[in-house]
Amino acid sequence: MSPTKPPLVGASTPLPLPPPFSHSALRLLTQGAEALVFHTTLLDSRTPVALKYRPPKPYRHPLLDRRLTRQRLLAEARVLVKCRKEGVLVPDVVALGADEGWLGLGWVEGATVRRVLDKWVGKRGEEGEGELMGLMGRVGRAVGRMHEIGVCHGDLTTSNLMDSPADLRSLAGDIVLIDFGLATQSIQDEDRAVDLYVLERAFAATHPVAEPLFQEVLRTYGESYKGAKVVLRRLEDVRMRGRKRSMLG
Amino acid sequence: MIALGLEGSANKLGVGIISHPSPSKPPLILANLRHTYNSPPGEGFLPKDTAKHHRTWVVRLVKQAMRQAGVKVENISCICYTKGPGMGAPLQSVAIAARTLALLWNKELIGVNHCIGHIEMGRAITHAPNPIVLYVSGGNTQVIAYSHRRYRIFGEALDLAVGNCLDRFARTLMIPNNPAPGYNIEQLAKKGRHLIELPYAVKGMDASFSGILAAADVLAAQISEDLDEGKRLRAEDGEVVTKADLCFSLQETVFAMLVEITERAMAHVGSSEVLIVGGVGCNERLQEMMALMAKDRGGSVFATDERFCIDNGIMIAHAGLLAYETGIRMPLEESTCTQRYRTDEVFVAWRDQDTA
């Protein structure tokens, strides 16, 4: 791999990145409102990592900016470590530069559930039905297990669920949850139900015909831990109000 | 077509007269008058006193506006008034004035959603075609995007409105309410030197301000001039923390939250333009921060000055006339007002399905 110029992202994004990534070969994967995610290597060129970089925000007071970046990266790392310890499949925390604004995560091989659905849904006939149902079951159990240990994801979409390792032919991978940037440590039914609601909306928005599949996610979720049934009932309330309350004066 | 608009959902009574000469031409502002009820320092405006203020001034203001605009009663197409959201008693007093005028002059009535008034006026003044809207005032904090004939709320305050947070902190510090508590905080904040840590409460695209206010109030008690010099709160460099420092810290914190939730909404819908409306939108520091964020995203920020940011009658006249022109009518029996009236309840018949 040759050190290529990092892709230009936004006019004033402060690139290059802080050390030790100043001269790394970086490939931009996604750019959200908060963070840039790169594919790069750490320690040696054979160890791939996903590098999450939160650039300083010029509009924020520098003190506030450093405080927030540090808090958020630490919170994300803590949640990931907790998941790891409790056996929920998430990326490893490889390295952290809390003051410099970056988090290095173990590379997850595979495809996002969104991609898998894109590929599989809409195929005619019964072919693949069983595999897809199996995949949905694993999604439901993975989310249930995460909720059981007291973590809510905060941005649960089909793009944040990986089927790993990707085998688009048999769909036999494990479900790995990624992007815990908005995650909280919570055991509240409301937070859990909102997670499910967000996932349901993501299904409906990107794969309208896949909506029946989501029923399978909910079914396995309901059986995955004690208390899951209560969350499913709460989900009905959340659906009714569409995550919005009536205006209070 | 010409409309007269009456606004009185909070402590400002506004009367505006607007003309829409033709669909291709920009609207003409014929009169835009406002009279504000100010409570003494340390106090907020109460519904009863505010309603009384509006009742006292509405006739004078309407007469003055008609004179200034130079229009005859027969040229007016409709009377528009704020249906909600807002404080009950002031809303009612202005709705009664609107009904009276409509009956007296035999005109159509149009009840307008206050938030929609702000958005449409902001769009008309700045010519921003399809921006993400940050609506920030004493009663509302919303991040809004237009889609399929509705202004959809992407994020909002979970408790206090940001303006209410600032107003109430002004009361804590006994800062005058004239011309506006938020304006006085803004001027004081310019002299602030130290950023004192306050909670920061963003949840996805929503924000919470009540905890920040409580924390700021605690800090305010620690800098009271009644305390001995040695017991007062000090910044990291050892200097005594001032009122200006607290105003500065509060602004920096809550505005950073607002810019963050706006940026998240922009990333979500893929927009690069922001329009700031509502009373807090006059704040130049907020405008500056928003511009820095928008520049980073290759976009720009649109804002208006106090004539249109702060509650006014012209925005009600403008939004009401837009609805009137699409054929919307409101029978007298339905000309009610309501304290709860969400922005996304209004069907926006005057805009295209997706943009413009």
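Just so it is clear, the model here is predicted, and its values are computed rather than measured.
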Closest non-hydrogen atom pair between B:D296 and A:P58, with its separation |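 Heavy-atom minimum between the residues: OD2-CD, 3.7 Å.
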Search all heavy atoms of B:M293 against all heavy atoms of A:Y59 and return the closest pair with its distance.
->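 Shortest heavy-atom separation between B:M293 and A:Y59 comes out as CB-CD2, 3.8 Å.
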What residues form a ring pair (Phe, Tyr, Trp, His ring centres under 6.0 Å) with A:Y225, not counting sequence neighbours?
->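 Result, ring pair (Phe, Tyr, Trp, His ring centres under 6.0 Å) vs A:Y225: A:Y221.
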Mark yes when over 12 heavy atoms from residues, nucleotides or ligands other than [X] sit less than 6.0 Å from its [atom1]; otherwise mark no.
X	atom1	answer
A:R67	CZ	yes
B:K48	NZ	no
A:L74	CG	yes
A:R114	CZ	no
A:H61	NE2	yes

Top of B:T253, B:V202, B:V259 for chain A proximity - count of heavy-atom pairs under 4.5 angstrom =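 Ranked by heavy-atom pairs under 4.5 Å with chain A, first place is B:V259.
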Under 4.5 Å, heavy atom to heavy atom: which of residues 142-152 of chain A reach chain B? Give them by number, or say none.
->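 No residue falls under the 4.5 Å cut-off.
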Which bit of B:E197 is near chain A, if near means a heavy-atom gap under 4.5 Å: side chain, backbone, both or neither?
->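 For B:E197, backbone and side chain are both near chain A.
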Which residues pass the side-chain contact (heavy atoms from CB on, under 4.5 Å) test with A:L68, sequence neighbours left out?
->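 Only A:R60, A:L64, A:Q71, A:R72, B:Y200 meet the side-chain contact (heavy atoms from CB on, under 4.5 Å) criterion with A:L68.
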Salt-bridge test for B:E260 and A:K57: reply yes if a basic N is under 4.0 Å from a carboxylate O, no otherwise.
->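 No.
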Residue pairs fulfilling side-chain hydrogen bond (donor to acceptor under 3.5 Å, both in side chains) with at least one residue in residues 271-285 of chain B, sequence neighbours excluded |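 Sorted result for residues 271-285 of chain B: B:Q251-B:N283, B:E252-B:R285, B:R285-B:E288.
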Separation between CG of A:L63 and CD of B:E236, rounded to the nearest 0.5 Å |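 Answer rounded to 0.5 Å: 7.0 Å.
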